[in-house]
Amino acid sequence: MQQDRLPTTPVTGGDGVPSQPSAEGREVTERETAERAATQPEAAERAATQPGAVPHDPGTAPAPRPRSGPLAALRTPAALNLAPLLLAAALWLWALPQIDFRSIEEFGLLDRFPLGFYAALAVLTGGFVLTLRRAGTAPLWPATYCAAMLVALKAPPAILYDTVRYAWASKHDAIISRLLTEGTVHPGRELSGGMSAYDQWPGFFSLDAALVRAFGVDAAASFINWAPVALGMLTVPVLILVYRTFSDDWRLVWTGVWIFQLANWVGQDYLSPQGFSYLLYLTVFAVVVRHFVLPGSAGALRDRSTLDPAAAAVPPPTTTRQRAVAVLFLVPVILTINASHQLTPVMLCASLFALCLTRRYRNLGLLATTGLIMLAWNLTMGRELFLDTLGTLREKAGDLLGNSRPGFAGDPTGPGPELVGSANILMVLALGGLAAAAVLLRRRLARSALPLILAAAAPLPMFAVNDYGGEMIFRVYLFGLPGAAFFAAAALVPAAGAASRAAAVARRAAFVALPVTLVALLAGFLPSYYGKEGMHYAPPGETALTRRAFDRAPEGALILAATGAFADSYYRYDHYERWFFTEQEVDENLRMLKDPAGYLAGGIPAGRPAYVILTPTQGEAVIGEGYLPEGGFDTLKDALKRSPLFEVVEESRYGLVLRYRPTT
């Protein structure tokens, strides 16, 4: 049966001219067109840009006018990205003056931050998640949010505090001041408390001394609290170079940077050789993974069909000559690392060795050069400490449990320190769990980003070597963090190009899991970083009391303190000897508390003038680190004040100073 055919000629009127719609019909058509354009602007735009699309005829129906005015401007992507940033900035600036840092109690700053501060961080997190939708076409927005979160998290002490935050930062300020005064270092001079090591690795302090002179300030204390912000800002572009080497997905890259910032709670980003050397370590790692690929080593990794949709192509190979030239450029950076810090060169060698396990980065020449530079420095400038460290290997080597234990003390006491310890453990478990899940579920990405896995695992053998003064566990975590943060982000940001049903389910799950996880990591970062702030902030009255006590003591006197974790504990450190008497095993401290005066008197050499300094910051530190049981610091103070062996020289709410007066 023949099918009916539609007419192929236009319908005409009686005079043969195509009929025109009536005025009423034209109004209806124009109204329907405007309504469709208003409700489906994206569809209309796509239809207009399709190949073969018929342009609009202005003679028949006028095109709908684009929306204009304030409401339309607020709906643009730029406005949607900017609004949370402005709101968070307003909340943060409003909350900043309300932070009551002068009356810190057992929870640090956690209960001193107003609600507006926490709200600002939550809004920044939500705004960052929104910017990830267009991270590939507008990467400036997630970059802005990463910088804003870094400032929001770590700038409050720099803006508010009227003294140096963190006792070890004030220690480094004392080292820089001595270097400025003497103009040179004395690597062979013996100083108490391990202070000789800073003359043997003076690179970082020499740079800071130059900065003090360049800025025209009196001491590094004027800018020392800004170090976490400055080092964080410098670390971000290096991380981007590393992550972009292994992923083309900007969402994954920026999420990795964000997670790195939240997971970097170990507190090594202050003005320290470790923070500075860590930045240089990442720089060397970035150059190696981008410019040291051996020719013909990538194999199937250059086949796009075998890669994860988010994976980046392997960087182009370099010739032997090009790698040799690159080594020459890296030698000054490696020398600076070795001149600044003891542990970072070891971690760098471990990471380069791990990279050599892959044919892609088997650069034995670079590894040998790095190892020779480290060995040369340790046998010359750092010879004394290096030989002492070798002497401890017989005792420490193989003691995995002992070397992975934080500090010398027992468990922290008090609700605040206990919360910090729990938050630290949960952060490590969360980050490790996310990274492990991504390695197992996204095996194609793990294959192409294998160097990041190896670099994250490279520090683990350090547990079998030394405890690094009770800090090895934190350093292993720090050096494994870049790779772990990348794969943790991969667990939360599924591949955009995958079309399978499982990929669709993963994308829907990530829609909820990503913001929830980022908020959870933020909740873990805050107690880990600010939960012990009572031992990091000392009021000006306390630092003044400490300096008066040192100035009162004659040259060569013995200065006793419960711990070195208080401001200006190393003031004029080359003029005095120090004994931080609770920094030992807990059992020994419990024995000391039975007779504090007799215990301390027994450790003071005959004829040596001695002074005891006890400050509120020390009281927070011995509890936070678990050196003494709860109430032990007050017991110690009361016993020394009652003892005839010690005379009170000065006492106020800022501390207690006693002078030892031996009996015949």
Going from [atom1] on [X] to [atom2] on [Y], what distance comes out if it is rounded to the nearest 0.5 angstrom?
{"X": "Leu179", "Y": "Thr184", "atom1": "CG", "atom2": "OG1", "answer": "7.5 Å"}
{"X": "Leu348", "Y": "Leu282", "atom1": "CG", "atom2": "CG", "answer": "10.5 Å"}
{"X": "Thr318", "Y": "Asn363", "atom1": "OG1", "atom2": "CG", "answer": "7.0 Å"}
{"X": "Asp208", "Y": "Asp173", "atom1": "CG", "atom2": "CG", "answer": "9.5 Å"}
{"X": "Arg102", "Y": "Leu160", "atom1": "CZ", "atom2": "CG", "answer": "8.5 Å"}
{"X": "Ile176", "Y": "Thr181", "atom1": "CD1", "atom2": "OG1", "answer": "11.5 Å"}

Is the number of heavy atoms from other residues, nucleotides or ligands within 6.0 Å of [atom1] ([X]) greater than 12?
{"X": "Asp551", "atom1": "CG", "answer": "yes"}
{"X": "Arg608", "atom1": "CZ", "answer": "yes"}
{"X": "Phe353", "atom1": "CZ", "answer": "no"}

Practice task
Give the C-alpha distance, both sets of side-chain angles, the deciding distance and a yes or no for side chain to side chain contact (heavy atoms under 4.5 Å, CB included) between Leu636 and Met592.
Solution key: CA-CA 9 Å; Leu636 171 68; Met592 182 262 303; 4.0 Å; yes
I'd like to know if the side chain of [X] reaches the main chain of [Y], judged simply by a donor and an acceptor atom lying under 3.5 Å from each other, with no hydrogens or angles considered.
{"X": "Ser340", "Y": "Pro273", "result": "no"}
{"X": "Lys532", "Y": "Gly624", "result": "yes"}
{"X": "Asn589", "Y": "Thr582", "result": "yes"}
{"X": "Trp377", "Y": "Gln200", "result": "yes"}
{"X": "Gln261", "Y": "Gly232", "result": "no"}
{"X": "Thr563", "Y": "Val622", "result": "no"}
{"X": "Arg547", "Y": "Tyr571", "result": "no"}

Compare every heavy atom of [Y] with every heavy atom of [X], then report the nearest pair and how far apart it is.
{"X": "Ala567", "Y": "Ala538", "answer": "CB-CB, 3.8 Å"}
{"X": "Cys349", "Y": "Thr370", "answer": "SG-CG2, 3.7 Å"}
{"X": "Leu231", "Y": "Leu279", "answer": "CD2-CD2, 4.4 Å"}
{"X": "Tyr654", "Y": "Pro616", "answer": "O-CD, 3.2 Å"}
{"X": "Leu454", "Y": "Ala354", "answer": "CD1-O, 3.3 Å"}

For the pair [X] and [Y], name the ring-plane relationship: parallel under 30°, tilted 30 to 60°, perpendicular over 60°.
{"X": "Phe550", "Y": "Tyr576", "value": "tilted"}
{"X": "Phe479", "Y": "Tyr278", "value": "perpendicular"}
{"X": "Tyr161", "Y": "Tyr537", "value": "tilted"}
{"X": "Phe581", "Y": "Trp579", "value": "perpendicular"}
{"X": "Tyr166", "Y": "Tyr270", "value": "perpendicular"}

Exercise. Decide side chain to side chain contact (heavy atoms under 4.5 Å, CB included) for Met233 and Leu150; before the verdict, give the C-alpha distance in whole Å, the side-chain angles of both, and the deciding distance to 0.1 Å.
Key: CA-CA 8 Å; Met233 290 293 186; Leu150 178 65; 3.8 Å; yes
Please examine the side chains of [Y] and [X], heavy atoms only from C-beta on, and report whether any two atoms are closer than 4.5 Å.
{"X": "Met381", "Y": "Pro202", "value": "yes"}
{"X": "Tyr660", "Y": "Val612", "value": "no"}
{"X": "Tyr529", "Y": "Pro228", "value": "yes"}

request  = Could you go through the side chain to side chain contact (heavy atoms under 4.5 Å, CB included) check for Ile104 and Glu620 one step at a time?
outcome  = CA-CA 10 Å; Ile104 297 174; Glu620 295 284 346; over 6 Å; no
Salt bridge flag under 4.0 Å for residues Asp199 and Arg189 =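 Salt bridge between Asp199 and Arg189, a charged N being under 4.0 Å from a carboxylate O: no.
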task: Starting from the C-alpha separation in whole Å, work towards a yes-or-no answer on side chain to side chain contact (heavy atoms under 4.5 Å, CB included) for Tyr281 and Leu478.
output: CA-CA 12 Å; Tyr281 161 86; Leu478 179 65; over 6 Å; no
From the list Leu271, Leu280, Thr336, side-chain contact (heavy atoms from CB on, under 4.5 Å) partner of Phe204 resolves to Leu271
From the list Val333, Val331, Ile337, side-chain contact (heavy atoms from CB on, under 4.5 Å) with Leu335 holds only for Val331
Mind checking what makes side-chain hydrogen bond (donor to acceptor under 3.5 Å, both in side chains) contact with Thr344, not counting sequence neighbours?
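Gln274, His341.
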The salt bridge (Lys or Arg N to Asp or Glu O under 4.0 Å) partners of Glu533 (sequence neighbours excluded) come to Arg165
